[in-house]
Protein chains: 2
Amino acid sequence: MNSNRPSSNRPVYLKLRDQIAAAIIDGAYAEGEMLPSVRALAAEQGANPLTVAKAYQQFQNDGLVEVQRGVGMYVVKGAAERLRARERDAFLREEWPEIRERMARLGLDPADLALST
Amino acid sequence: MNSNRPSSNRPVYLKLRDQIAAAIIDGAYAEGEMLPSVRALAAEQGANPLTVAKAYQQFQNDGLVEVQRGVGMYVVKGAAERLRARERDAFLREEWPEIRERMARLGLDPADLALST
DNA sequence: ATGGCTGTATTATGGCACTGATGCACCTCG
DNA sequence: CGAGGTGCATCAGTGCCATAATACAGCCAT
């Protein structure tokens, strides 16, 4: 059983969104650089261009990405740090408490698992 | 943004399932005792009986709960420990790696957060 | 200017998960 | 036996997700 939160059966556009966010934070998509085009990323990921566009959408709304019509989308300066701060805050506020409680119930201690690669 | 994994917009039957599992592990639903009836729990939680039934379903399949038609559902002996072991294993195998990677990316260390209630 | 690349809007469609209303089969107790 | 409690099956409705086929608007190098 356990249909908990496997990243497997999440909507495609959310998986892409996470993946893109990670790339921005890690600098794989560096600031000032152009993001992969909607069509390119779609082809690479075997997804629909519209689905990719939907994933990109949220970054535009947050001003982390700038659109130059007819050219492409660029990572805004300072986007990586802003994104990381934002995600970290959200994680601590919305996800971590539940995870912590869950682990406590299962008899697990985060400190013990911190080292295990 | 951040439509990550807030327990808020999870399907009702999954939230119920988690809640029931927690009750069994914690002993709130003790072994040998009868679970709340589908209708009773539905009324209490403001959900549909069928949704509750769907939540119960998975526990039957796993043999953690025994059904007596026309009577009710009972927690099988040893269910709590079996359930905890099963969930703990699944958590470590499927969820923790992703959580750990995610925290690393956000600059968080599980050990630091272990103490904060 | 033209071809080729960008993002975007439109519309339609299929699939699937979630939720819900109703009724039936079963058991227990008085 | 009848009333009221069980779980469960069937059917239907709804909304989100993903895909598809076009078409359009903008930029740029040749």
Side-chain angles (χ1 to χ4, degrees), chain A residues 1-20 23-24 29-30 32-76 79, chain B residues 1-20 23-24 29-30 32-76 79:
Chain A
M1 78 150 155
N2 227 346
S3 44
N4 253 314
R5 303 155 237 250
S7 59
S8 332
N9 18 345
R10 295 185 79 203
V12 176
Y13 81 100
L14 284 183
K15 283 194 292 185
L16 289 175
R17 181 205 147 280
D18 287 351
Q19 172 180 329
I20 295 161
I24 292 179
Y29 296 162
E33 279 187 5
M34 178 179 157
L35 291 166
S37 82
V38 172
R39 292 174 177 82
L41 188 54
E44 175 191 330
Q45 296 288 332
N48 190 287
L50 287 181
T51 303
V52 176
K54 189 173 182 181
Y56 277 153
Q57 187 68 42
Q58 324 205 7
F59 294 101
Q60 313 178 23
N61 299 341
D62 291 1
L64 296 169
V65 147
E66 195 186 34
V67 178
Q68 294 190 19
R69 266 197 89 116
V71 182
M73 305 180 45
Y74 293 80
V75 181
V76 156
Chain B
M1 77 163 183
N2 223 346
S3 43
N4 251 314
R5 302 156 239 248
S7 61
S8 330
N9 17 345
R10 293 185 80 203
V12 176
Y13 82 98
L14 282 184
K15 284 193 291 185
L16 290 175
R17 181 205 149 281
D18 287 350
Q19 173 180 329
I20 295 163
I24 292 179
Y29 296 161
E33 279 186 5
M34 177 179 159
L35 291 166
S37 81
V38 171
R39 290 174 178 80
L41 188 55
E44 175 190 331
Q45 297 287 331
N48 190 286
L50 285 183
T51 305
V52 176
K54 189 171 183 180
Y56 277 153
Q57 186 69 43
Q58 323 206 10
F59 294 102
Q60 313 177 25
N61 299 342
D62 290 2
L64 296 169
V65 147
E66 194 186 34
V67 178
Q68 294 190 17
R69 266 198 89 118
V71 181
M73 305 179 46
Y74 294 80
V75 181
V76 155

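As a basis for the values below, the full set of heavy atoms in this structure was taken, side chains included, without hydrogen atoms, waters or symmetry mates. Naming convention: chains lettered A, B, ... in sequence-line order (proteins, then strands); numbering from 1 in each chain.
- From Gln57(B), atom CD reaches atom CG of Asp62(B) across 10.5 Å, with rounding to the nearest 0.5 Å.
- In terms of phosphate contacts, Tyr13(B) brings a side-chain nitrogen or oxygen within less than 4.0 Å of OP1 or OP2 of dC18(C).
- If you find the closest nucleotide of DNA chain D to Pro49(A) and to Arg69(A), the one lying nearer the 5' end belongs to Pro49(A).
- For the atom pair NZ of Lys15(A) and CG of Asn9(A), the computed distance is 8.0 Å after rounding to the nearest 0.5 Å.
- The base of dG7(D) sits within donor-acceptor range of the side chain of Arg39(B), with an N or O pair under 3.5 Å.
- Whole-Å rounding puts the Leu41(A) CG to dT8(C) P distance at 14 Å.
- Atom-to-atom distance recorded for Thr51(B):OG1 and Gln45(B):CD is 11.5 Å, nearest 0.5 angstrom.
- Residues Met73(B) and Tyr29(B) fail the side-chain proximity criterion, which asks for heavy atoms closer than 4.5 Å.
- Side-chain atoms of Ala47(A) lie closest to dT19(D) of the nucleotides dG7(C), dC27(C), dT19(D).
- The side chain of Thr51(A) contributes an N or O atom lying less than 4.0 Å from OP1 or OP2 of dT19(D).
- As rounded to whole Å, 13 Å separates atom P of dC18(C) from atom CZ of Arg17(B).
- In this entry the distance linking CD of Glu66(A) with P of dT8(C) reads 12 Å, nearest Å.
- For the pair Asn48(B) and dT19(C), the criterion of a side-chain N or O lying under 4.0 Å from OP1 or OP2 is not met.
- For Gln57(B), no side-chain nitrogen or oxygen approaches OP1 or OP2 of dG7(D) to under 4.0 Å.
- Distances shorter than 4.0 Å separate some side-chain N or O of Lys54(B) from OP1 or OP2 on dC18(C).
- Dashed line: the shortest gap from a side-chain N or O of Gln68(A) to OP1 or OP2 of dC28(D) is not under 4.0 Å.
- Separation of atoms OH (Tyr56(B)) and CG (Leu41(B)) is listed at 4.5 Å; rounding is to 0.5 Å.
- Spacing between atom CG of Leu35(A) and atom C1' of dC5(C) amounts to 16 Å, rounded to whole angstrom units.
- Comparing dG7(D), dC17(D), dT10(D) by their closest approach to the side chain of Leu50(B) singles out dT10(D).
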